[in-house]
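Below, chain A is the first sequence line, B the second, and so on; all start at residue 1. Please read these numbers as outputs of a predicted model, since none were measured by experiment.
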There are 2 protein chains.
Amino acid sequence: MNAKRMLLETALAHFAREGYEGASLQKIADDVGIKKPSIYAHFKGKDHLFLSTLKDALKAEKRRITHYFISCKDQPLETRLHGLLEFLLEEYNRSSESKFVLRMAFFPPSSLYDEVMELIYPFLDSMERRVVQLMQQAQADGAVKIARPEDAAVAYMTLTDGILVEMVYGGLPGAERRLGASWPIFWAGIRAVGQTES
Amino acid sequence: MNAKRMLLETALAHFAREGYEGASLQKIADDVGIKKPSIYAHFKGKDHLFLSTLKDALKAEKRRITHYFISCKDQPLETRLHGLLEFLLEEYNRSSESKFVLRMAFFPPSSLYDEVMELIYPFLDSMERRVVQLMQQAQADGAVKIARPEDAAVAYMTLTDGILVEMVYGGLPGAERRLGASWPIFWAGIRAVGQTES
DNA sequence: TTTTAACTACCTAACGATCGTTAGCCATAA
DNA sequence: TTATGGCTAACGATCGTTAGGTAGTTAAAA
């Protein structure tokens with residue numbers, strides 16, 4: 001396989017597991033099967049490797065989420081939103097990509113704070129906008145009554161983060177427990193708030 | 001002030017901001033105003049300083065939460081639960097303690113994973129048990145009907161994490177936005193689920 | 001078609017800086 | 001007298017990084 005790709009994938013795993021400061025170029029090079037200075041044939045330095053990895057991961061993540069949204073286009077809102085959470089859990093379990101993104105969104109390397117946020121903000125923003133849009137569309141179709149689609153979207157993002165962070169140390173069982181306990185309450189809340197306010 | 005206390009407090013701030021691997025004993029010592037090797041008069045090494053800091057922070061956190069629960073003993077369940085979230089946001093904003101605990105719960109140093117989890121698990125467990133107990137008690141009083149108190153507690157913990165992680169990069173405004181948007185939905189959900197299942 | 005130049009992707013060796021840590025000395029206080 | 005809590009000096013290890021060289025490939029020039 002392409003050495004640059006292997007570097008990106010290996011670095012991703014290391015950054016996800018050890019964080020930016022904890023990951024070492026030596027170990028990444030060892031895993032790839034090259035010598036440490038050879039990294040500099042592909043990347044200007046650790047910063048560059050890290051930011052390239054982050055860009056790459058965000059791009060792939062965005063692509064996959066878009067793909068999911070398309071694949072369940074005809075289903076009702078609840079199925080789509082609940083399904084997205086299940087989908088994210090699967091993704092998180094399958095590869096280190098989501099874990100990496102999550103970690104860097106919450107605890108970016110302090111030396112690269114601005115650069116990281118410049119990449120993450122648009123990603124999360126577009127994610128939230130998409131959920132708002134979904135809610136508004138479902139409401140326009142008359143399928144569900146949602147009082148404030150923006151608030152509903154924010155609450156959904158909050159729920160998502162609460163479940164995803166549990167993946168980090170609770171693993172898949174813990175996250176599924178949270179999803180199973182939270183979803184009925186969340187969805188009943190969405191419906192109830194939609195009822196009370198006309 | 002006691003040098004050991006200063007070390008614990010300074011270390012806490014550094015570990016919260018830079019993570020375990022990113023924090024350096026040199027800089028911590030500089031901040032305290034002593035030389036690096038003097039740290040070893042109080043702690044066996046970086047591991048020991050870190051774990052002591054974590055124990056200290058968890059103890060203080062637990063004490064404050066207990067204190068909060070007592071202070072609002074007579075209020076209705078919703079006020080107590082909603083108030084706890086506001087209380088946590090204040091705490092998080094005021095000091096680095098909650099940030100440190102949150103960071104280490106989600107992304108512990110990989111070299112100290114077991115030791116950290118041994119400290120964090122009981123903390124989170126007791127927190128969850130307390131919330132379960134609160135829900136059951138409110139139900140016994142006939143104040144609120146809650147279908148499954150355990151699920152309600154898990155959902156509450158999920159909500160808490162979703163709001164707290166937003167504190168990290170969204171800051172207080174972002175977290176308050178999440179709280180404001182999520183709470184009405186969460187609480188309406190709790191009530192609605194309690195209604196449907198007798 | 002052959003030669004030559006440039007480029008790519010790796011290497012070894014080594015750089016200076018910083019890391020956590022230890023040894024050993026010295027003052028103050030119990 | 002012993003213990004505490006600082007200090008200086010220095011340790012070996014590891015960090016990210018650079019210099020400089022070498023095969024293998026590509027492409028233009030002879």
Sequence neighbours excluded and cut-off under 3.5 Å, please list the side-chain donor-acceptor pairs for residues 134-141 of chain A, or say none.
from: Gln139(A); atom 1: NE2; to: Ile146(A); atom 2: O; distance (Å): 2.7

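- With values rounded to the nearest 0.5 angstrom, Leu49(B) atom CG is found 11.0 Å from Leu54(B) atom CG.
- In this view, Glu128(B) and Arg177(A) satisfy the salt bridge (charged side-chain N to carboxylate O under 4.0 Å, His left out) rule, not counting sequence neighbours.
- Within the structure, side-chain hydrogen bond (donor to acceptor under 3.5 Å, both in side chains) contacts touching residues 38-47 of chain B (residues at least two apart or in different chains) are Tyr20(B)-Asp47(B).
- Sorted by first and then second residue, the salt bridge (Lys or Arg N to Asp or Glu O under 4.0 Å) pairs with a member in residues 90-99 of chain A read Arg64(A)-Glu91(A), Arg64(A)-Glu97(A), Glu91(A)-Arg94(A); sequence neighbours excluded.
- Reading DNA chain C from its 5' end, the first and the last nucleotide to sit under 4.0 Å from a heavy atom of chain B are dC19(C) to dT22(C).
- In this structure, the side chain of Thr66(A) engages the main chain of Lys62(A) through a donor-acceptor pair within 3.5 Å.
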Check: protein-nucleotides 20-26 of chain D nitrogen or oxygen pairs below 3.5 Å:
none

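- In this view, Tyr113(B) satisfies the ring-ring contact (aromatic ring centres under 6.0 Å, His included) rule with no residue, not counting sequence neighbours.
- Residues passing the side-chain hydrogen bond (donor to acceptor under 3.5 Å, both in side chains) test with Ser110(A) are Glu18(B), sequence neighbours excluded.
- In this view, Thr160(A) satisfies the side-chain hydrogen bond (donor to acceptor under 3.5 Å, both in side chains) rule with no residue, not counting sequence neighbours.
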Side chains of residues 181-192 of chain B: which donor-acceptor pairs under 3.5 Å do they make with residues two or more places apart or in other chains?
from: Ser182(B); atom 1: OG; to: Thr158(A); atom 2: OG1; distance (Å): 3.4
from: Ser182(B); atom 1: OG; to: Arg178(B); atom 2: O; distance (Å): 2.8
from: Trp183(B); atom 1: NE1; to: Glu78(B); atom 2: OE2; distance (Å): 3.1
from: Trp187(B); atom 1: NE1; to: Glu78(B); atom 2: OE1; distance (Å): 3.1

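- In the region residues 40-52 of chain A, proximity to DNA chain D at under 4.0 angstrom, judged on heavy atoms, holds for Tyr40(A), Gly45(A), Lys46(A).
- For the segment residues 10-37 of chain B, residues with any heavy atom less than 4.0 angstrom from an atom of DNA chain D are, sorted by number, Ile34(B), Lys35(B), Pro37(B).
- Taking the side chain as every heavy atom from C-beta outward, Lys35(A) and Asp30(A) never approach each other to under 4.5 Å.
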Report task. Carefully, step by step, assess Lys4(A) and Asp56(A) under the rule salt bridge (charged side-chain N to carboxylate O under 4.0 Å, His left out). Result -> CA-CA 12 Å; Lys4(A) 190 163 184 172; Asp56(A) 201 59; over 6 Å; no
